[in-house]
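Naming convention: chains lettered A, B, ... in sequence-line order (proteins, then strands); numbering from 1 in each chain.
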There are 2 protein chains.
Amino acid sequence: MNKNDLLQGTLELLILRVLVTGSRHGYGIAKRIEQVSGEAFIVQMGSLYPALNRLEAKALVTADWGKTDTGRRAKFYTLTKEGEARVDDERDVWDHYVSAINLVLKNA
Amino acid sequence: MNKNDLLQGTLELLILRVLVTGSRHGYGIAKRIEQVSGEAFIVQMGSLYPALNRLEAKALVTADWGKTDTGRRAKFYTLTKEGEARVDDERDVWDHYVSAINLVLKNA
DNA sequence: TGTCCATATATAGACAATCTTAGTATTATG
DNA sequence: CATAATACTAAGATTGTCTATATATGGACA
């Protein structure tokens, strides 16, 4: 695990989580994740868009072209109902996962 | 992320951690991880041995044939000096990783 | 006692998911 | 005009899963 690498699977959770606070375009999602993580995560564009497409394919987000603050064309992603529910699920999975890893790290 | 799946990269950390407590053979390592994690992780043989081979290739563990308690032939894995140092490093990486994810999960 | 199945143990190959790297394209702004 | 903002894609690497195979041993049972 390299320092700046995302563990497989966590990117989608982060994206979903960011979208809970409202629709954003891809680039904005990436920047938000970087900012909120204290630059711990640098989201590569080449990781981001495939992840967004997967989320769309799973109907967890929808995508619509719109305009950014600065009047630029951009695709805005919005959580679907199913996506909202999914955030909580995935968070639980994540928490359990971390607990289990920590159990091992502590106890043997 | 499926419930029983290991996130890529964490298996090696778990193996290294288990070996801190002494040499074990592959099967024993898997069983130990399962036990200590409260069966949260079921380590597939098809994941385990490739991971052990990678660790050996990186010179973080050594492997020697020996005998189990029950007199069966088995390959025992032992942490190298470098492997010992690596456990701590990887743990730090893991902790930072979790902190960063949690930052995002909490703050947006 | 002898046979058979379950468990312990190791390995290999095909396949899948998801990341990184690197490259392209468009438009607005300084 | 150069740079930043924005979107996308393809190739390659890593690392997991699933499945199958092989062998040795211990215990159940005829």
*To the nearest Å, how far apart are B/Ile29 CD1 and C/dT11 P?*
12 Å
*side-chain contact (heavy atoms from CB on, under 4.5 Å) involving B/Val98 - partner list, sequence neighbours excluded*: A/Trp94, A/Val98, B/Trp94, B/Asn102
*Could you check which residues of residues 51-62 of chain B get a heavy atom under 4.0 Å from DNA chain C? Sort them by number, please.*
none
_B/Gln8 side chain, from C-beta outward: closest of C/dA10, D/dT15, D/dA7_ = D/dT15
_Rounded interatomic separation in angstrom, taking CD1 from A/Ile15 and P from C/dT18_ = 11 Å
*asked:* Any base atoms under 4.0 Å from A/Leu11, or only sugar-phosphate, or nothing? Heavy atoms, all strands.
replied: sugar-phosphate
*Listed partners of B/Arg72 passing salt bridge (Lys or Arg N to Asp or Glu O under 4.0 Å), at least two apart*: none
*Taking all non-hydrogen atoms of both residues, which atom of B/Val36 and which atom of A/Val104 are closest, and how far apart?*
CG1-CA, 3.8 Å
*Classify every nucleotide of nucleotides 24-30 of chain C by which part a protein heavy atom approaches to under 4.0 Å, writing B for the base, S for the sugar-phosphate alone and - for neither, in 5'-to-3' order.*
---BBS-
*Closest-nucleotide ordering on DNA chain C, the 5'-leading residue of B/Pro50 and B/Phe76*: B/Phe76
*asked:* Under 4.0 Å, heavy atoms only, any strand: does B/Gly46 hit a base, just the sugar-phosphate, or nothing?
replied: base
*asked:* Is the distance between the ring centroids of B/Phe41 and A/Tyr97 under 6.0 Å?
replied: yes
*Whole-Å distance between D/dT6 P and A/Tyr77 OH?*
13 Å
*Measure the distance from CZ on B/Arg32 to P on C/dA8 and round it to the nearest whole Å.*
16 Å
*Scan residues 98-108 of chain B against DNA chain D and write down, sorted by residue number, each residue with any heavy atom closer than 4.0 Å; if none is found, say none.*
none
*Quick one: list whatever passes side-chain hydrogen bond (donor to acceptor under 3.5 Å, both in side chains) with B/Thr68, sequence neighbours left out.*
B/Thr70
*Atom CG of A/Asp64 to atom P of D/dT6: distance rounded to whole Å?*
17 Å
*Think A/Lys31 has a side-chain N or O under 4.0 angstrom from the OP1 or OP2 of D/dA5?*
no
*For A/Met45 and C/dG23, give me the distance from atom CE to atom P, rounded to whole Å.*
17 Å
*asked:* Starting the side chain at C-beta, find the nucleotide from C/dA10, D/dT14, D/dA7 nearest to A/His25.
replied: D/dA7
*Short side-chain N/O contact to D/dC8 OP1/OP2 from A/Tyr49, under 4.0 Å*: no
*Who pairs with B/Ala59 by side-chain contact (heavy atoms from CB on, under 4.5 Å), at least two apart in sequence or on another chain?*
B/Glu82
*asked:* Which residues pass the side-chain contact (heavy atoms from CB on, under 4.5 Å) test with A/Ala85, not counting sequence neighbours?
replied: none
*Rounded to the nearest Å, what distance is computed from the CG atom of residue A/Leu48 to the C1' atom of nucleotide C/dA22?*
16 Å
*A/Gln44 has a side chain; which of D/dA5, D/dC8, C/dT21 sits nearest to it?*
C/dT21
*Any side-chain heavy atom of A/Val93 within less than 4.5 Å of one from A/Leu13?*
no
_Strictly below 4.0 Å: does B/Thr68 bring a side-chain N or O up to OP1 or OP2 of C/dT9?_
yes
_Please give me the minimum heavy-atom distance between B/Tyr77 and B/Val61, naming the atom from each residue._
CD2-CG2, 4.0 Å
*Contacts of A/Ser23 that satisfy side-chain hydrogen bond (donor to acceptor under 3.5 Å, both in side chains) - sequence neighbours left out*: A/Thr78
*Nearest whole angstrom, please: distance from the P of D/dT6 to the CH2 of A/Trp65.*
12 Å
*Go through the structure and list residues passing ring pair (Phe, Tyr, Trp, His ring centres under 6.0 Å) with A/Phe76, not counting sequence neighbours.*
A/His25
*Only pairs at least two apart or in different chains count here, so list each salt bridge (charged side-chain N to carboxylate O under 4.0 Å, His left out) that has a residue in residues 10-34 of chain A.*
A/Glu12-A/Arg54, A/Glu12-A/Lys58, A/Lys31-A/Glu34
